[in-house]
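In what follows, every chain begins at residue 1, and chains take the letters A, B, ... in the order their sequences are listed.
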Amino acid sequence: MRYSQYFLPTLKETPADAEVISHQLMLRSGMIRKVAAGIYSYLPFGLRSLRKMEQIIREEMDRAGAIECLMPMANPAELWQESGRWEKYGKELLRFKDRKSADFCMGPTHEEVITDIIRNTVSSYRQLPLNLYQIQTKFRDEIRPRFGLMRGREFVMKDAYSFDLDDDGADSSYAKMYQAYRNIFNRCGLNFRSVEADSGAIGGSFSHEFMVLAESGEDGIVSCNGCEYAANVEKAELIYGDIVTPTATLELQKVDTPEQKSIEEVAEFLQLSPQQLVKTLIVQTSDDEVLAVLLRGDHELNMIKLTNLLDVDWVLMAEEDVVKRVTGAPTGFAGPIGLKVRILADAEVQGMADFVVGGNAVDVHFSGANQGRDFEISQFADLRQAMAGDPCPRCDSGKFESWRGIEVGHIFKLGIKYSEAMNATVLDAQGKTQPLVMGCYGIGAGRTVAAAIEQNHDENGMILPMPLAPFQVLVTMLNPKDDQVREAAEKLYQQLLALNIETLLDDRDERPGIKFKDADLIGIPLRVTVGARNLKEGNVELKIRKSGVTSMFSLDEMTPQLQQLVAEGLAFELEK
RNA sequence: CGGGAUGUGGCGCAGCUUGGUAGCGCACUUGACUGGGGGUCAAGGGGCCGGAGGUUCAAAUCCUCUCAUCCCGACCA
């Protein structure tokens with residue numbers, strides 16, 4: 001491709017509304033443009049990366065035995081009513097009516113459509129197992145789209161759905177997808193973790209997330225430094241061992257804590273560490289219960305664990321007026337003593353004595369508080385979020401390390417949730433009707449490209465790994481008016497094209513500085529500079545974008561050199 | 001959905017407090033020079049100041065409403 005004839009509108013300055021680096025660089029490098037909040041156009045340069053991502057996914061899905069299909073964006077309401085999600089999915093489901101006033105929605109995921117296809121076409125266990133996938137545009141009307149392609153409303157996703165006769169079959173399908181996913185992200189050159197995750201709204205019995213490690217990630221994950229265990233902090237199990245509650249040694253004492261509300265403030269004010277405080281969170285549930293949850297001062301409540309423990313649809317922090325009604329004080333001073341609601345506590349609290357709690361009155365706390373003596377806890381459970389330093393639940397010696405991650409893939413074992421709701425069954429070998437056991441498997445294609453940029457950039461621009469780079473080689477023709485330079489660059493360009501090396505020839509009539517700045521910004525892995533200075537010696541310069549290392553080759557040596565580097569950059573080994 | 005902020009040529013911004021002919025840098029067009037890290041000079045083109053309503057002799061500027069975008073939050077009691 002000739003730059004002079006290409007469409008690659010780069011920006012010198014960072015658009016004001018782009019916050020994260022991948023968003024900034026994708027805009028600046030002419031990969032994408034915003035159309036509306038969370039809705040983007042892919043310009044040609046960005047589309048090339050997206051297509052490469054899709055192709056890697058396609059190859060690995062095919063290798064794992066999945067079969068590609070394509071389902072529509074517009075879904076009729078009936079299917080969604082049948083699964084119950086027309087009501088349940090909430091506002092993220094964008095609904096609309098056709099000209100006949102029939103209800104439709106934009107598909108945010110396609111369990112309903114695929115299950116409908118399968119139930120109408122598959123009736124025998126002999127047609128199983130089956131795994132169908134598509135790479136398709138999804139629409140989810142997110143509460144808060146943000147960070148460019150990272151959380152868009154319209155986005156390209158690969159979604160796969162497996163159908164098996166029984167649990168064992170489904171587990172095997174799941175394991176194949178797990179491995180395919182690891183292969184995909186390895187091939188992209190990403191630093192990622194596959195972690196255990198909560199299956200959340202989609203439902204199902206177990207699930208894994210694939211997390212690209214990056215500071216800007218929206219998720220917290222922990223991984224063991226001694227074994228393979230890794231999990232989303234929402235899910236990460238904690239071990240508590242045998243906890244003995246120490247004997248109280250202090251009297252309960254009221255202390256004035258004027259204007260001190262947060263744990264940090266109170267701890268600072270009383271010259272204690274947050275570990276010596278117990279915080280009391282007032283929550284309300286979908287069952288309309290209000291209850292209190294106690295946690296050690298430096299710990300975080302894990303809403304998902306709490307929701308699962310209580311077996312309710314949701315749990316929220318109580319509204320200000322509810323807190324006032326229950327505790328008799330504004331937020332900031334809640335404590336367990338004298339509370340009339342049910343009190344739960346994180347297991348860690350069981351091992352604490354003589355701690356500080358809120359006093360249920362403005363500017364008042366209690367010190368020397370003790371469970372059993374001063375108040376009763378109805379249940380202890382694992383309710384907190386895992387953090388760095390916590391002991392691993394799977395091995396003896398390991399400790400958690402914590403990371404931020406971008407969720408680029410998520411796989412679920414669904415079980416029979418959808419097949420039952422939608423009556424998708426087959427006959428087994430005994431002629432008995434069985435509901436299909438399903439799994440579903442998603443990858444955000446655009447998000448993965450964005451995550452790759454988050455992980456691979458420097459102050460001058462992005463440095464996409466070879467497998468995702470829009471072009472493999474950039475040939476920079478320094479002065480197109482110099483015949484020798486022009487001819488040399490053209491010759492090199494033609495040689496590379498003949499070898500099917502994806503090459504961008506910067507033949508623009510621009511000054512060198514502009515070309516170099518753009519080259520760094522768009523981050524093509526290999527850059528060849530053809531300039532009069534080196535050409536006098538018959539040489540051209542190679543610069544590796546990632547390392548910045550430059551080296552000189554004769555015109556004839558350059559082509560095989562590039563060929564080898566491209567091949568190395570694309571090489572991959574599959575995990576077994 | 002709650003809180004905060006911002007909307008002024010393609011991009012980045014100033015002007016708004018204290019109303020009085022819409023500005024700067026980059027980009028763009030033409031010409032000349034220049035040619036290894038966003039170059040120089042000269043001459044140009046482009047803006048219903050997000051939208052609607054109001055106050056006023058006069059509104060980018062003040063008031064009301066509205067739309068859009070971004071950030072934070074929905075957890076630290």
Side-chain angles (χ1 to χ4, degrees), chain A residues 9-20 23-24 27-28 30 33-39 90-91 141-148 220 233-234 257 260-267 274 277-284 292-307 314-320 322-324 326-336 339 346 357-362 365 383-385 460-461 476-482 485 508-521 527 529-535 540-541 543 550:
Chain A
T10 58
L11 300 173
K12 197 182 264 189
E13 288 176 276
T14 303
D17 53 9
E19 194 73 10
V20 298
H23 188 197
Q24 294 173 356
L27 288 167
R28 286 191 56 204
R33 285 291 185 271
K34 186 174 70 180
V35 177
I39 299 178
K91 288 191 176 172
D141 203 357
E142 294 276 348
I143 303 174
R144 179 143 98 88
R146 59 183 141 180
F147 303 156
V233 291
E234 293 175 343
T257 49
Q260 313 296 314
K261 297 174 77 169
S262 72
I263 287 289
E264 290 74 25
E265 286 166 0
V266 174
L277 275 59
V278 166
K279 60 179 159 195
T280 305
L281 309 181
I282 308 296
V283 300
Q284 51 193 94
V293 180
L294 304 190
L295 290 161
R296 201 173 80 186
D298 59 326
H299 287 160
E300 310 282 331
L301 174 61
N302 184 325
M303 283 294 192
I304 292 178
K305 287 181 180 175
L306 181 60
T307 306
W314 48 259
V315 176
L316 286 175
M317 295 308 292
E319 313 259 339
E320 176 104 34
V322 175
V323 173
K324 220 167 230 174
V326 171
T327 69
T331 59
F333 302 99
L339 278 191
D346 177 59
V357 296
N360 295 328
V362 177
H365 280 75
L383 290 175
R384 73 176 173 91
Q385 206 128 298
N460 295 313
T476 301
M477 179 195 291
L478 277 191
N479 184 355
K481 286 179 182 147
D482 181 321
V485 168
R508 294 176 299 168
D509 186 12
E510 294 286 357
R511 293 181 57 86
I514 290 177
K515 295 187 172 189
F516 288 138
K517 287 289 182 189
D518 274 338
D520 288 342
L521 176 63
R527 181 179 99 200
T529 305
V530 182
R533 205 174 68 191
N534 292 317
L535 213 49
V540 286
E541 181 192 272
K543 183 167 186 177
T550 62

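A distance of about 13 Å separates the P atoms of B:rG12 and B:rC70, rounded to the whole Å. B:rC16 and B:rU6 have their P atoms separated by 14 Å, with the value rounded to a whole Å.
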Working note: A:Arg146 + A:Glu19, criterion side chain to side chain contact (heavy atoms under 4.5 Å, CB included); need CA distance, chi angles, decisive distance, verdict.
CA-CA 9 Å; A:Arg146 59 183 141 180; A:Glu19 194 73 10; over 6 Å; no
A:Lys91 and A:Ile143: side chain to side chain contact (heavy atoms under 4.5 Å, CB included), yes or no, with the steps?
CA-CA 8 Å; A:Lys91 288 191 176 172; A:Ile143 303 174; over 6 Å; no
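In this structure, CG of A:Leu294 is placed 14 Å from P of B:rA77, rounded to the nearest angstrom. In this entry the distance linking CD1 of A:Ile304 with C1' of B:rA74 reads 14 Å, nearest Å. As rounded to whole Å, 17 Å separates atom P of B:rC75 from atom NZ of A:Lys305. In this structure, A:Leu316 places its CG atom 13 Å from C1' of B:rG2, rounding to the nearest Å. Atom CD in A:Glu234 sits roughly 13 Å away from atom P in B:rC75 (whole-Å rounding). Put simply, CG on A:Leu11 is 6 Å from C1' on B:rC11, counting in whole angstrom units. In this structure, the CD1 atom of A:Ile143 is 14 Å from the P atom of B:rC72, given to the nearest Å. Rounded to whole Å, the distance from NZ on A:Lys91 to C1' on B:rC1 is 7 Å.
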Can you give one letter per nucleotide of nucleotides 25-37 of chain B, 5' to 3': B if a protein heavy atom sits under 4.0 Å from the base, S if only from the sugar-phosphate, - if neither?
BSS------BBBB
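Base pairing of B:rG2 is made with B:rC72, judged by Watson-Crick or G-U wobble geometry with both donor-acceptor distances under 3.5 Å.
Residues forming a side chain to side chain contact (heavy atoms under 4.5 Å, CB included) with A:Pro512 (at least two apart in sequence, or on another chain): A:Leu478, A:Phe516. Among residues two or more places apart in sequence or in another chain, the side chain to side chain contact (heavy atoms under 4.5 Å, CB included) test is passed with A:Asp482 by A:Asn479, A:Gln484, A:Val485, A:Ala532. Residues passing the side chain to side chain contact (heavy atoms under 4.5 Å, CB included) test with A:Leu521 are A:Thr10, A:Leu25, A:Arg28, A:Ser29, A:Asp518, sequence neighbours excluded. A search for ring pair (Phe, Tyr, Trp, His ring centres under 6.0 Å) contacts involving A:His299 returns nothing, not counting sequence neighbours.
When side chains are defined from C-beta on, A:Arg33 counts as touching A:Pro9, because their heavy atoms get closer than 4.5 Å.
Ion pair A:Asp346/A:Arg296 not flagged as a salt bridge, since none of the NZ, NE, NH1 or NH2 atoms sits closer than 4.0 Å to an Asp/Glu carboxylate oxygen.
Within the nucleic acid shown, A:Arg28 comes within 4.0 Å of at least one base atom, counting heavy atoms only. No contact: A:Leu295 has no heavy atom under 4.0 Å from any strand.
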Between the protein and nucleotides 67-71 of chain B, are there any N/O to N/O pairs under 3.5 Å, and if so, what are the atom names and distances?
from	atom 1	to	atom 2	distance (Å)
B:rU69	OP1	A:Ala37	N	2.9
B:rU69	O3'	A:Lys34	NZ	2.9

